[in-house]
Amino acid sequence: MARIGGRSLWLAWPAGVLCAAAVAAMIVLAAPGIPAAVSFVGDTLRSATSTPAAVETAPAEPAQDCRHLYSQPLWSSMVWSPDALLWQRRTVALSTSEAVAAASPTVVVTCHWRGSAGRFVETTVSTVTPEGAAAVSTTLAAQGFACTADGDTTHCARTTGDVVEVHDLRGDRWVSSTLSGWAPDDYAAIVASHAFSGG
């Protein structure tokens, strides 16, 4: 076999032996991990083809701040509304002192948006007991709200002049919104959806 010009046999043989030794050393070091690697690959393939077990999930926690109550489009439209100012606080629902007294809610957050010329939108998210939720529904119906049940959600609404009041109750959550002279598209439905899902 012809030699390649410029190659030195006395350097090539030791380099080849060192490379072979390095490969052998890596194989020896990797050998203990082979059973674990085979087991990992097998478990991964088995779990990919098996039916996942049902996992119980805890109820979503209510949103603790105003930002998590709004979808991105609604949040942007509120923030960029002329003269809009957000005041985040923890005060009871604005519109129905009788329902508040009957339910004794624990307020999570209240988002009050003040606009120009006295316009405002306010939403209060509270937690209530099952008895408190029933008391809210009864009180609102007695005050002339139109209340309907949709699955596990009770929806009550009333319009007086340019003031719209909307209340949604599901589980331990009460979402109360009052819109005065300012009615962003689907406002009450969006904040209720985010409040029930934890934002």
Side-chain angles (χ1 to χ4, degrees), residues 52 54-100 103 105-130 132-134 136-137 139-141 143-199:
V55 178
E56 290 187 15
T57 56
E61 289 297 317
Q64 301 293 321
D65 59 45
C66 293
R67 177 61 191 93
H68 293 96
L69 275 182
Y70 299 87
S71 64
Q72 183 58 50
L74 179 57
W75 176 259
S76 297
S77 73
M78 300 293 288
V79 168
W80 291 103
S81 296
D83 305 317
L85 179 65
L86 171 63
W87 182 16
Q88 179 174 300
R89 58 189 192 230
R90 290 180 185 232
T91 54
V92 295
L94 177 68
S95 67
T96 54
S97 56
E98 296 86 352
V100 169
T106 301
V107 177
V108 178
V109 67
T110 297
C111 307
H112 180 91
W113 296 86
R114 188 183 72 208
S116 58
R119 302 179 314 139
F120 72 86
V121 174
E122 180 170 299
T123 295
T124 299
V125 179
S126 306
T127 56
V128 291
T129 63
V136 170
S137 299
T139 304
L140 293 176
Q143 291 180 331
F145 282 80
C147 295
T148 58
D150 182 11
D152 57 353
T153 303
T154 300
H155 177 81
C156 298
R158 179 176 71 182
T159 301
T160 308
D162 64 350
V163 178
V164 178
E165 301 169 72
V166 180
H167 301 269
D168 291 290
L169 296 118
R170 181 190 297 173
D172 67 344
R173 212 74 42 90
W174 175 19
V175 184
S176 170
S177 296
T178 301
L179 300 89
S180 179
W182 186 5
D185 291 341
D186 296 323
Y187 176 90
I190 291 169
V191 295
S193 172
H194 281 245
F196 294 144
S197 66

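Any value given below was found using the heavy atoms of this structure, including those in side chains, with hydrogens, waters and symmetry copies removed. Residues take their numbers from the sequence shown, with the count starting at 1.
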Worksheet item: What's the shortest heavy-atom distance between Leu179 and Ala183, and which atoms?
Response: CD2-CA, 3.9 Å
Worksheet item: Do any N or O atoms from the side chain of Thr129 and from the backbone of Gly132 form a donor-acceptor pair under 3.5 angstrom?
Response: yes
Item to complete: Applying ring pair (Phe, Tyr, Trp, His ring centres under 6.0 Å), name anything that partners Tyr187, two or more places apart in sequence or on another chain.
Response: Tyr70
Worksheet item: By side chain to side chain contact (heavy atoms under 4.5 Å, CB included), which residues pair with Val107, not counting sequence neighbours?
Response: Arg90, Val92, Thr110, Thr124, Ser126
Discussion item. Here's a test for you: under side chain to side chain contact (heavy atoms under 4.5 Å, CB included), which of His194, Gln72, Gln88 qualifies with Arg67?
Written reply: Gln72
Response to the item:
Taking every heavy atom of Ala141 against every heavy atom of Cys147, the minimum-distance pair comes out as N-SG, 4.2 Å
Fill in: Set of side chain to side chain contact (heavy atoms under 4.5 Å, CB included) partners for Ser81, sequence neighbours left out
Ala84, Trp182
Worksheet item: Hey, is CG on Asp152 packed in by over 12 heavy atoms from elsewhere, all under 6.0 Å?
Response: yes
Discussion item. With rounding to the nearest 0.5 angstrom, report the NE2 to CD distance, His167 to Gln143.
Written reply: 8.0 Å
Discussion item. I'd like to check the side chain to side chain contact (heavy atoms under 4.5 Å, CB included) partners of Ala157; sequence neighbours left out, ordered by chain and number.
Written reply: His155, Val166
Item to complete: Not counting sequence neighbours, which residues clear side chain to side chain donor-acceptor pair (under 3.5 Å) with Thr153? List them please.
Response: Arg170
Worksheet, complete the sentence: The side chain to side chain contact (heavy atoms under 4.5 Å, CB included) partners of Arg114 (sequence neighbours excluded) come to Leu85, His112
